[in-house]
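Presented below is the structure to which this report refers.
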Amino acid sequence: MSSLYEVGVIKRQESKIQISVQVIHPDSNYITDSPGFALMLLYHNVNNDSPIKKEVDFDDTLDEVWMKKNAYAFIESVDLKMNNPNKKGWKKGVLDITVTHPAWLEHLKDINHWDSAAFDPTDDYIICEPILPIEEEPISINNLDLTSKEGFMPIWKYMIPDSLLKTQKEILWFPALGDKYYKESDTMISNLSDENLQKWEGTLVRTAKSFGILFKREADWGIISCGRGSMGSSYIDGEMTQMVLNPKKKNGYASSPKSILIWGRPVVYEILINGDTISFKLMIMSEDNDRIFLETKMSVLKFMLKRFESFSGNEYNIESPLCEKMNTIMKEKNIKDTHTLYLRHREIAEQFIVSSRIDKIRDVPYPEFYQLKNEEIMDLYSFEKWPAYEISVTVTDAKWLEKYPKEPFSYIFSEYD
């Protein structure tokens with residue numbers, strides 16, 4: 001999100017804070033005294049240890065309905081004094097904000113300046129009772145039924161292929177509710193060895209900076225989290241706490257796996273080699289990705305090679321006749337990277353590709369997740385339930401297919417290749 005305002009602390013005192021607000025983007029040339037706008041301005045530098053994080057998720061601040069019902073639970077009052085605009089005509093003002101408890105300002109105690117993408121989510125707020133922080137002891141794992149999946153939803157690893165294809169688990173249980181609906185258990189994960197982390201893969205955890213599912217990445221371990229319109233993967237920054245559903249938190253809006261599909265990609269789930277022909281079966285999990293383009297021989301070669309590129313893009317990392325030959329060609333022709341190869345040396349593909357064809361092998365409707373129970377959702381997680389294509393490629397010599405890896409992979413097709 002683009003920064004819209006510069007915010008500076010003028011003074012603070014227990015439950016009160018006075019801030020200057022300067023518009024820095026022409027799309028947001030307004031300042032208002034609404035509780036929603038004030039809460040969004042103050043929702044900065046929030047981490048897993050911030051008291052406000054236990055009651056307000058970032059996604060809550062973007063939810064018009066939630067803000068309408070709850071903004072006054074945290075913001076007691078807002079007074080606005082406008083100043084003269086700057087030379088660009090962008091507005092500037094001072095907000096005196098009183099929160100319902102000093103804890104809702106604790107995350108800002110060492111912060112004096114920040115940028116904000118705040119906006120006023122609604123023009124109609126409901127007066128409500130204040131929400132106050134409650135100290136709770138960690139939940140004992142011994143008192144929980146860990147087989148219960150209440151508050152969690154099953155996610156097939158092929159739904160987020162860029163992140164999850166390396167995990168050994170077919171299903172990972174993602175939190176279906178916002179972060180605030182989960183709390184610390186009494187179980188700490190301090191042994192970060194590969195052997196121990198394998199036992200905890202798929203667990204909901206938090207560290208000082210991260211909250212999400214522990215999973216195996218290509219070269220290390222990470223924590224993946226999905227929010228409204230966002231998805232991120234972070235490294236493990238310290239010991240982890242196992243998180244569990246907080247039984248005292250009620251009435252959360254549960255997401256469905258459909259919300260995860262925006263991160264989907266076409267996935268090659270089966271590769272077969274027969275002499276000089278290789279076939280790839282691709283599953284499509286979203287209509288937005290139902291576009292398979294391989295218009296040129298170079299686009300076919302790129303499809304076959306893309307996943308083997310080094311991080312710097314100057315060579316292919318797999319030991320196979322095809323990749324070794326491509327590395328040799330790049331050195332002989334002084335081609336600096338694979339992007340240049342695909343774009344400016346399309347004639348090279350003639351050495352490897354004879355022909356290709358694309359066939360739709362499974363034309364079924366996309367499954368619907370609405371109001372399904374977890375058991376019904378898991379029934380959808382098989383290749384036969386989703387649309388699929390087969391790409392068949394004939395190469396100039398069968399040796400180019402020797403040692404070609406057959407692990408699943410994802411690919412983004414472009415009609416401009």
Just do the side chain to side chain contact (heavy atoms under 4.5 Å, CB included) check on W221 and F215 with the steps written out, would you? CA-CA 6 Å; W221 290 83; F215 77 108; 5.7 Å; no

Test side chain to side chain contact (heavy atoms under 4.5 Å, CB included) on F280 and Y411; report intermediate values, then the result. CA-CA 12 Å; F280 304 85; Y411 190 79; over 6 Å; no

Show your working on side chain to side chain contact (heavy atoms under 4.5 Å, CB included) between D57 and D60 and close with a plain yes or no. CA-CA 5 Å; D57 290 327; D60 291 333; 3.6 Å; yes

Ring pair (Phe, Tyr, Trp, His ring centres under 6.0 Å) between W156 and F383, intermediate numbers included: CA-CA 11 Å; W156 200 16; F383 301 125; 5.4 Å; yes

Might you work through the side chain to side chain contact (heavy atoms under 4.5 Å, CB included) test for F74 and L42, ending with a clear yes or no? CA-CA 11 Å; F74 301 92; L42 298 182; over 6 Å; no

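In this model, no donor atom of one side chain and acceptor atom of the other lie less than 3.5 Å apart for S233 and S163. No donor-acceptor contact under 3.5 angstrom links the side chains of T241 and E184, judged on distance only. With hydrogens and angles left out, the side-chain atoms of N317 and S310 include no donor and acceptor closer than 3.5 Å.
Atom CD of E347 is surrounded by more than 12 heavy atoms from other residues, nucleotides or ligands within 6.0 Å. Few gaps surround NZ on K53; more than 12 heavy atoms of other groups in view lie less than 6.0 Å from it. For CG of D123, the number of neighbouring non-hydrogen atoms (other residues, nucleotides, ligands) closer than 6.0 Å is 12 at most. The local environment of NZ in K216 is crowded, with over 12 non-hydrogen atoms from other residues, nucleotides or ligands closer than 6.0 Å. Counting non-hydrogen atoms of other residues, nucleotides and ligands closer than 6.0 Å to CD of E150 gives a total of 12 or fewer. Other residues, nucleotides and ligands contribute over 12 non-hydrogen atoms within 6.0 Å of the CG atom of D220. More than 12 non-hydrogen atoms from other residues, nucleotides or ligands lie less than 6.0 angstrom from CD of E384.
Although no hydrogens or angles enter the test, the distance criterion places no donor-acceptor pair under 3.5 Å between the side chain of D120 and the main chain of S34. Panel note: side chain T340, backbone K336; no donor-acceptor pair is recorded below 3.5 Å. Side-chain atoms of S50 do not come within 3.5 Å of backbone N or O of I52 as any donor-acceptor pair. Panel note: side chain S185, backbone Q242; a donor-acceptor pair is recorded below 3.5 Å. Side-chain N or O atoms of E6 include none that pairs as donor or acceptor with a backbone N or O of V21 at under 3.5 Å. For N327 (side chain) and Y316 (main-chain N/O), a donor-acceptor pair under 3.5 Å exists by modelled atom type. Panel note: side chain Y181, backbone P175; no donor-acceptor pair is recorded below 3.5 Å. Proximity of a side-chain donor or acceptor of K385 to a complementary backbone N or O of D379 within less than 3.5 Å is detected. A donor-acceptor contact shorter than 3.5 Å links the side chain of Y43 to the backbone of V56. Side-chain atoms of D115 do not come within 3.5 Å of backbone N or O of S3 as any donor-acceptor pair.
To the nearest 0.5 Å, atom CE of residue M153 and atom CD1 of residue I260 are 4.0 Å apart. For the atom pair CD (E201) and CD1 (I213), the distance works out to 10.5 Å, reported to the nearest 0.5 Å. Summarising the geometry, atom NZ belonging to K403 is positioned 8.5 Å from atom OG belonging to S320; distances are rounded to the nearest 0.5 Å. Within the model, atoms CD1 of I284 and CG of D363 stand 11.5 Å from one another, a figure rounded to the nearest 0.5 Å. Atom CG of N45 is separated from atom CG of N47 by 6.5 Å, given to the nearest 0.5 angstrom. Note: N314 CG to E309 CD = 10.0 Å, rounded to the nearest 0.5 Å.
Between E390 and R362, none of the side-chain N atoms (NZ, or NE/NH1/NH2) sits under 4.0 Å from a carboxylate O, so this pair counts as no salt bridge. Comment: E407 does not engage K166 in a salt bridge, judged by the lack of any side-chain N to carboxylate O separation of less than 4.0 angstrom. Ionic pairing of D290 and K360 is present here: one or more N-O contacts between side-chain nitrogen and carboxylate oxygen are shorter than 4.0 angstrom. Of the charged side-chain nitrogens involved, at least one lies within less than 4.0 Å of a carboxylate oxygen, so that R206 and D49 count as a salt-bridged pair.
For the residue pair A73 and W104, the shortest heavy atom distance occurs at O-NE1, 4.5 Å. Nearest heavy-atom pair, G238 versus T207, reported as atom, atom and distance to 0.1 Å: O-CG2, 3.9 Å. In terms of heavy-atom proximity, R291 sits nearest to F293 at CB-CE1, 3.4 Å. Annotation for I224 and L164: closest pair CD1-CD2, 4.2 Å, computed over non-hydrogen atoms. Closest approach of L165 and S410 over heavy atoms only: CD1-N, 4.0 Å. Heavy-atom minimum distance, L172 versus G202: CD2-CA, 4.0 Å.
Between D397 and D276 the shortest side-chain heavy-atom distance does not fall below 4.5 Å. Contact of the V364 side chain with the P387 side chain is registered, since non-hydrogen atoms from C-beta on lie closer than 4.5 Å. Between W200 and V205 the shortest side-chain heavy-atom distance does not fall below 4.5 Å. Residues K258 and E368 have side chains in contact (heavy-atom distance under 4.5 Å, counting atoms from C-beta outward). Contact check for K92 versus N86: no side-chain heavy atoms found under the 4.5 Å cut-off. Side-chain contact between T396 and Q351 is absent, with no heavy-atom pair separated by less than 4.5 Å. Under the 4.5 Å side-chain criterion, counting only non-hydrogen atoms from C-beta, Y366 is not in contact with M285. For the pair I329 and H345, the minimum side-chain heavy-atom distance is 4.5 Å or more.
For Y5 and W90, the ring centers sit 6.0 Å or farther from each other. No close placement of the F413 and Y389 rings is indicated, their centers lying 6.0 Å or farther apart. Aromatic pair W173/F152: ring centres not closer than 6.0 Å. Taking the six-membered ring for Trp and the full ring otherwise, F303 and F409 have centroids separated by under 6.0 Å.
Relative ring orientation between Y72 and Y125 is described as perpendicular, the plane-to-plane angle rising above 60° on a 0-90° scale split at 30° and 60°.
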